[in-house]
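Scroll down for the structure; my scribbles are underneath it.
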Amino acid sequence: MIEEDIVSQNTELLVPEDMGGGAFRDGVYSFNTLGPQAATIMDNGYTMSYRYWPSWLRRNPSLMKQEVNEMLGGVNVLSEYLAPRDMIADSTQAVNMITPAGDDLEIVITQIGEIVKKYSWQMVYAKDEAEFESLWSTMTEQAKQLGLDDVTNYYTQEWKNALEIVKEYE
């Protein structure tokens with residue numbers, strides 16, 4: 001199989017001319033954006049990524065993959081399970097159009113991150129629900145004192161702005 005030669009053996013086979021020609025790696029999206037996702041289904045009915053092609057999915061599945069597929073009702077691709085259950089969110093380029101926070105806000109974000117790291121680990125090892133709730137309360141109180149509400153308000157507004165901007169492109 002061509003995809004096995006290219007991927008597994010790391011060769012530089014060329015795509016046949018009747019399929020567009022060029023090297024397999026020429027199809028890689030090289031801009032700094034998400035672009036079409038690997039599971040995007042093209043006009044020919046196949047996904048952009050070889051990882052979802054039927055021939056690849058049947059190729060030497062691990063025991064874990066077999067067990068997961070059975071657990072998901074016999075599907076080979078997670079999207080086959082998620083789509084009929086309306087569990088797939090639309091992606092948007094708005095995530096790339098949010099204005100970065102200024103230096104002052106970045107300092108606040110970093111400080112809040114340190115508080116969250118400290119208390120979240122303590123919460124993981126809390127001896128009971130009461131200790132967990134106490135740690136949660138302390139963490140959120142300290143984060144709010146540092147400016148969590150300002151961070152939340154900033155990114156909420158930036159998200160609204162980005163959704164408006166992206167309408168022109170999507």
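Predicted, not measured: the structure shown is a model, and the values here were computed from it.
- Judged as a salt bridge (Lys or Arg N to Asp or Glu O under 4.0 Å), and not counting sequence neighbours, the contacts of K144 are D149.
- Here M64 pairs with S62, V68 under the side-chain contact (heavy atoms from CB on, under 4.5 Å) rule; sequence neighbours left out.
- A pairwise comparison of heavy atoms in A162 and I98 identifies CB-CG1, 4.0 Å as the closest pair.
- Every side-chain contact (heavy atoms from CB on, under 4.5 Å) that T156 has, sequence neighbours left out, goes to T152, K160.
- Other members of a hydrophobic cluster containing I107 are absent, since no ILVMFWY side chain comes under 4.5 Å of it, directly or through relayed contacts.
- To the nearest 0.5 Å, the span separating OG1 on T99 from CD on Q157 amounts to 10.5 Å.
- Screening residues 69-88 for salt bridge (charged side-chain N to carboxylate O under 4.0 Å, His left out) gives no qualifying pairs among residues at least two apart or on separate chains.
- In this view, K117 and E114 satisfy the salt bridge (Lys or Arg N to Asp or Glu O under 4.0 Å) rule, not counting sequence neighbours.
- Counting heavy atoms from C-beta outward, V151 and I112 have side chains that approach closer than 4.5 Å.
- The stretch residues 118-136 participates, sequence neighbours left out, in these side chain to side chain donor-acceptor pair (under 3.5 Å) pairs: Y119-Q142.
- In the hydrophobic clustering (ILVMFWY side chains linked at under 4.5 Å, chained through shared members), V166 is joined by M97, I165, Y169.
- Here E164 pairs with K167 under the salt bridge (Lys or Arg N to Asp or Glu O under 4.0 Å) rule; sequence neighbours left out.
- Separation of atoms OG1 (T110) and CD1 (I115) is listed at 12.0 Å; rounding is to 0.5 Å.
- Of all heavy-atom pairs spanning P100 and Y154, the tightest one is O-OH, 3.1 Å.
- Annotation: side chain to side chain donor-acceptor pair (under 3.5 Å) contacts of N153 (sequence neighbours excluded): none.
- Residues satisfying the side chain to side chain donor-acceptor pair (under 3.5 Å) test with E106, not counting sequence neighbours, are none.
- In this structure, the separation between CD1 on I109 and CG on L146 is 11.5 Å, given to the nearest 0.5 Å.
- Every residue two or more places apart in sequence or in another chain that forms a side-chain contact (heavy atoms from CB on, under 4.5 Å) with L82 is listed here: L78, M87, I88.
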